[in-house]
Amino acid sequence: MVLLVQRGPRLNRLIAPSPSSRIMSGVRVRFAPSPTGYLHVGGARTALYNWLFARHVGGVFILRIEDTDMDRSKPELTTAILESLEWLGLTWDEGPVYQSQRLARYREMALNLERSGHAYPCFCTPEELQAKRAQAEAERRAWKYDGACRALSAAERERRRAEGRPSAIRFRVPDSGQTSFEDQVFGHIEVQHRDLEDFVLLRSDGHPTYHLGVVADDLDLRVTHVIRGADHISNTPKQILMYRALEAPVPAFAHLPLILGPDKQRLSKRHGATSVGAYREQGVLPEALVNFLVLLGWTPPGQKEIVPREEMIRDFELTAVSKSNAVFDLEKLAWMNSEYVRNLPAEQLRPLVERELTKAGLGARDSGFAPRQEERFKQTVLLLQSRARTLQDFSGAFRAFFTDEFTYDPEAEKKFWKDAALPALIDALAERLAATEPFDVAATEKTLRSLAEEKGVKAGLLINAARVALTGQAVAPGLFEVMLALGRDRVISRLHRAAAHLRAGGK
RNA sequence: GGCGCUAUCGUCUAGGGGUUAGGACGUCAGAUUCUCAAUCUGAAAACCCGGGUUCGAUUCCCGGUAGCGCUACCA
């Protein structure tokens with residue numbers, strides 16, 4: 001049997017292959033998204049925990065794409081998922097393995113199970129089953145597959161096959177007894193066989209169901225620890241039954257609590273952004289998202305919230321994972337991101353800002369920030385860094401630092417442009433600034449303050465009004481640093497522009 | 001409906017038979033100041049309910065309730 005293991009796409013090559021010295025524990029885990037959507041933050045956390053566990057113990061992290069749902073799977077989505085994982089820095093050691101390329105193997109396994117008597121063909125049509133289910137529901141009876149095809153004689157099976165009736169293959173669940181396992185997170189889990197039905201392994205179209213696919217793949221990939229969402233807890237006993245029927249070793253299981261929306265419902269599109277890509281678009285840093293996600297269900301030792309990745313790897317333990325579901329708190333993510341933005345080394349932040357500006361149609365080099373003014377760009381980013389909560393702030397709230405095309409925030413106008421004397425004051429300030437030498441923080445501040453004193457107004461009035469004039473915002477860094485960042489010419493023209501705007505009645 | 005799992009501030013969580021039940025986000029107040037952010041100080045804010053075990057339960061056990069998950073020829 002040959003595994004269809006492929007190297008990841010181009011991005012994968014950017015990351016150095018894992019040194020073999022790191023892989024020594026024999027532990028093998030996998031993350032197995034299905035390309036029916038983008039990488040969900042819940043999936044990202046599952047991937048993260050798998051990755052952390054693997055790195056912590058020196059194991060292998062495998063990526064598998066569960067694309068057996070032909071109707072809903074899309075190849076572009078696979079690419080998007082891989083990109084999101086790479087962006088998060090969750091690099092895999094093997095794969096991606098595509099289930100769609102292993103169909104023959106699943107069929108073989110189903111047939112083996114049938115041969116050994118652990119599975120049997122079922123000729124019931126989906127319509128028949130649907131009808132029985134509806135009937136049971138109408139009578140308020142619990143429905144479970146009734147085993148109609150369970151005891152068909154060999155002759156009867158042959159007869160039906162000869163008639164060309166399509167059949168699925170079902171697993172034969174023992175009538176009595178129970179199956180239990182020790183979940184690494186949830187502890188002892190046990191279910192009675194009588195509560196399980198004979199589930200389908202292979203659909204009548206020859207495609208495997210999830211149960212067959214996972215077990216076959218986890219077996220062939222020699223996965224030692226299955227770490228996945230808690231929504232699979234109920235499926236686990238079925239899969240254990242399959243391992244036993246196959247006389248194969250049963251891996252360890254660890255289920256992770258689910259991530260919910262603010263209304264405590266499972267996180268979904270109606271809660272807003274749920275995909276990793278969406279947060280990336282919104283200017284969230286990968287390290288911030290990872291740090292935020294890791295805390296949803298796991299607490300590092302010590303009362304720290306900001307956890308460097310090396311420490312996550314060093315301290316991560318499956319057994320320390322929480323058992324209860326967690327609400328995805330956007331506020332905390334925002335805080336976490338601002339922490340990371342503020343503490344990012346300037347040389348790492350700059351290219352990200354450039355990309356953000358370009359994305360927003362504001363070339364960083366436009367409007368006076370010519371290449372030769374690289375130094376000024378550096379200083380501007382540095383000036384804004386402490387106030388940025390996301391990368392998007394640079395093209396949004398801080399727009400005026402990168403282009404002359406910006407508008408005055410109505411709230412800011414209302415707050416700081418009330419005084420009737422302002423137009424004259426602002427023009428006067430512009431004129432004084434034209435003659436200020438040198439044009440630095442100390443001198444410009446002195447100029448403004450002495451003007452204020454002369455005119456008998458509070459310096460704050462002029463400072464705040466000038467801030468709105470220069471940035472369009474009520475919120476910005478210290479005014480004199482802003483002046484320096486913008487440069488004398490731009491400061492003067494913006495002041496005059498604001499004064500004219502005010503005289504025109506705010507039009 | 002059946003089965004399974006879970007339950008500490010609004011949120012993420014620490015803790016654990018006797019604690020002032022700790023931290024973080026958010027909120028509120030104050031300091032600072034040219035706005036905001038940052039920073040500092042302070043405040044409000046939690047053990048789901050009922051039984052049991054125990055000298056003593058938020059912690060252990062049982063029941064209830066609530067939430068979530070599974071209950072497909074989805075994954």
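Basis for what follows: all heavy atoms, side chains included, without hydrogens, waters or symmetry-related copies. Lettering of chains follows the sequences in order, A, B, ..., and the numbering in each one begins at 1.
- Across all strands shown, rA43(B) forms a Watson-Crick or G-U wobble pair with rU27(B), both key distances being under 3.5 Å.
- Nucleotide rC34(B): unpaired (no Watson-Crick or G-U wobble partner with both distances less than 3.5 Å).
- Listed nucleotides rU11(B), rU71(B), rC34(B) differ in distance to R467(A); the shortest reach to its side chain belongs to rC34(B).
- Backbone-only contact: T68(A) has heavy atoms under 4.0 Å from sugar-phosphate atoms and none from a base.
- For I189(A), the listed nucleotide lying nearest its side chain is rC5(B); candidates were rU39(B), rA75(B), rC5(B).
- Using the Watson-Crick or G-U wobble rule with both distances under 3.5 Å, rG50(B) pairs with rC62(B).
- Residue contacts shown for L258(A) are limited to sugar-phosphate atoms, with no base heavy atom under 4.0 Å away.
- The side chain of R133(A) contributes an N or O atom lying less than 4.0 Å from OP1 or OP2 of rC73(B).
- Here H207(A) lies out of heavy-atom contact (under 4.0 Å) with every strand.
- Dashed line: the shortest gap from a side-chain N or O of R140(A) to OP1 or OP2 of rG2(B) is not under 4.0 Å.
- Nearest to the side chain of D195(A), among rC3(B), rC73(B), rC12(B), sits rC3(B).
- Here F292(A) lies out of heavy-atom contact (under 4.0 Å) with every strand.
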| query | Do L462(A) and F416(A) pass the side chain to side chain contact (heavy atoms under 4.5 Å, CB included) test, and can you show the C-alpha distance, the side-chain angles, and the key distance before you say yes or no? | reply | CA-CA 9 Å; L462(A) 205 43; F416(A) 294 126; over 6 Å; no
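- Closest contact between the side chain of R387(A) and the listed nucleotides rC25(B), rU35(B), rC3(B) involves rU35(B).
- When the P atom is compared between rC47(B) and rG22(B), the two are found 13 Å apart, to the nearest whole Å.
- With RNA chain B read from its 5' end, the first of the two nearest nucleotides for F416(A) and W335(A) is the one closest to W335(A).
- K238(A) has no side-chain polar atom (N or O) that falls below the 4.0 Å cut-off from OP1 or OP2 of rC70(B).
- At the heavy-atom level, P262(A) lies nowhere under 4.0 Å from the strands shown.
- Atom CD in Q99(A) sits 9.0 Å away from atom OH in Y210(A) (nearest 0.5 Å).
- Here the nucleotide nearest the side chain of H232(A), chosen from rC12(B), rA75(B), rG69(B), is rA75(B).
- Straight-line distance between the P atoms of rG51(B) and rC68(B): roughly 28 Å, to the nearest whole Å.
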| query | Could you walk me through whether F186(A) and F253(A) pass the ring-ring contact (aromatic ring centres under 6.0 Å, His included) check? | reply | CA-CA 9 Å; F186(A) 285 89; F253(A) 291 94; over 10 Å; no
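- Residue whose closest nucleotide on RNA chain B sits further toward the 5' end, between D329(A) and I463(A): D329(A).
- Note on Q130(A): nothing from the nucleic acid sits closer than 4.0 angstrom, heavy atoms only.
- No contact: E445(A) has no heavy atom under 4.0 Å from any strand.
- The nucleotide rA57(B) finds no pairing partner, because no Watson-Crick or G-U wobble arrangement with both distances shorter than 3.5 Å includes it.
- Taking the six-membered ring for Trp, Y279(A) and F328(A) have ring centres closer than 6.0 Å.
- Residue contacts shown for A459(A) are absent, as no nucleic acid heavy atom lies under 4.0 Å away.
- Not one side-chain nitrogen or oxygen of Q265(A) sits closer than 4.0 Å to the OP1 or OP2 atom of rG67(B).
- Distances shown here put every side-chain N or O of R141(A) at or beyond 4.0 Å from the OP1 or OP2 atom of rG2(B).
- Residue contacts shown for W143(A) are limited to sugar-phosphate atoms, with no base heavy atom under 4.0 Å away.
- In this structure, of rC12(B), rC73(B), rG1(B), it is rC73(B) that holds the atom nearest to the side chain of P126(A).
- At the heavy-atom level, L196(A) lies nowhere under 4.0 Å from the strands shown.
- Closest to the side chain of T299(A), out of rA14(B), rC68(B), rG1(B), is rA14(B).
- L103(A) contributes atom CG, which lies 8.0 Å from atom OG1 of T68(A) (distance to the nearest 0.5 angstrom).
- For the C1' atoms, the distance from rC48(B) to rU8(B) is 10 Å, rounded to whole Å.
- If you take atom C1' in rU54(B) and the same atom in rG18(B), they sit 12 Å apart, rounded to whole Å.
- Between T471(A) and P477(A), the closest side-chain pair of non-hydrogen atoms is not below 4.5 Å.
- The side chain of S322(A) sits closest to rU13(B) out of rG4(B), rC73(B), rU13(B).
- Counting any heavy atom pair closer than 4.0 Å across all strands shown, G213(A) reaches no nucleic acid atom.
- The V475(A) side chain lies nearest to rC36(B) when the options are rU71(B), rC36(B), rA75(B).
- As judged by a 4.0 angstrom heavy-atom cut-off over every strand, N235(A) is placed among the base-contacting residues.
- For the C1' atom pair drawn from rC55(B) and rC70(B), the interatomic distance equals 45 Å after rounding to whole Å.
- A gap of 31 Å separates the C1' atoms of rU33(B) and rG10(B), to the nearest Å.
- Residues meeting the ring-ring contact (aromatic ring centres under 6.0 Å, His included) test with F53(A), sequence neighbours left out: H225(A).
- At whole-Å resolution of the value, CG in L256(A) and P in rA75(B) are 21 Å apart.
- Across all strands shown, rU19(B) has no partner, as no Watson-Crick or G-U wobble contact with both distances under 3.5 Å is found.
- Across all strands shown, rC68(B) is found opposite rG4(B) as a Watson-Crick or G-U wobble partner, with both distances under 3.5 Å.
- Among the nucleotides rG2(B), rA75(B), rU35(B), the one closest to the side chain of T209(A) is rA75(B).
- Judged by distance alone, the side chain of W298(A) and the main-chain N or O of A320(A) form no donor-acceptor pair under 3.5 Å.
- Side-chain atoms of S204(A) come within donor-acceptor range of the base of rC73(B), with a qualifying N/O pair under 3.5 Å.
- One interatomic measurement links the two molecules: CZ of F394(A) to P of rA37(B), which rounds to 17 Å at whole-angstrom precision.
- rU32(B) and rA38(B) are spaced 11 Å apart, taking the C1' atom of each and rounding to whole Å.
- When heavy atoms are screened at a 4.0 angstrom cut-off, E305(A) is found touching base atoms of the nucleic acid.
- In this structure, CG in L111(A) is found 6.0 Å from CD in E114(A), a value given to the nearest 0.5 Å.
- One interatomic measurement links the two molecules: OH of Y145(A) to P of rU71(B), which rounds to 18 Å at whole-angstrom precision.
- The NE2 atom of H211(A) sits 11.0 Å away from atom CZ of F171(A), with the distance rounded to the nearest 0.5 Å.
- For rU6(B) and rU41(B), the P atoms lie 39 Å apart once the distance is rounded to whole Å.
- Note on R194(A): every side-chain N or O is 4.0 Å or more away from OP1 and OP2 of rU71(B).
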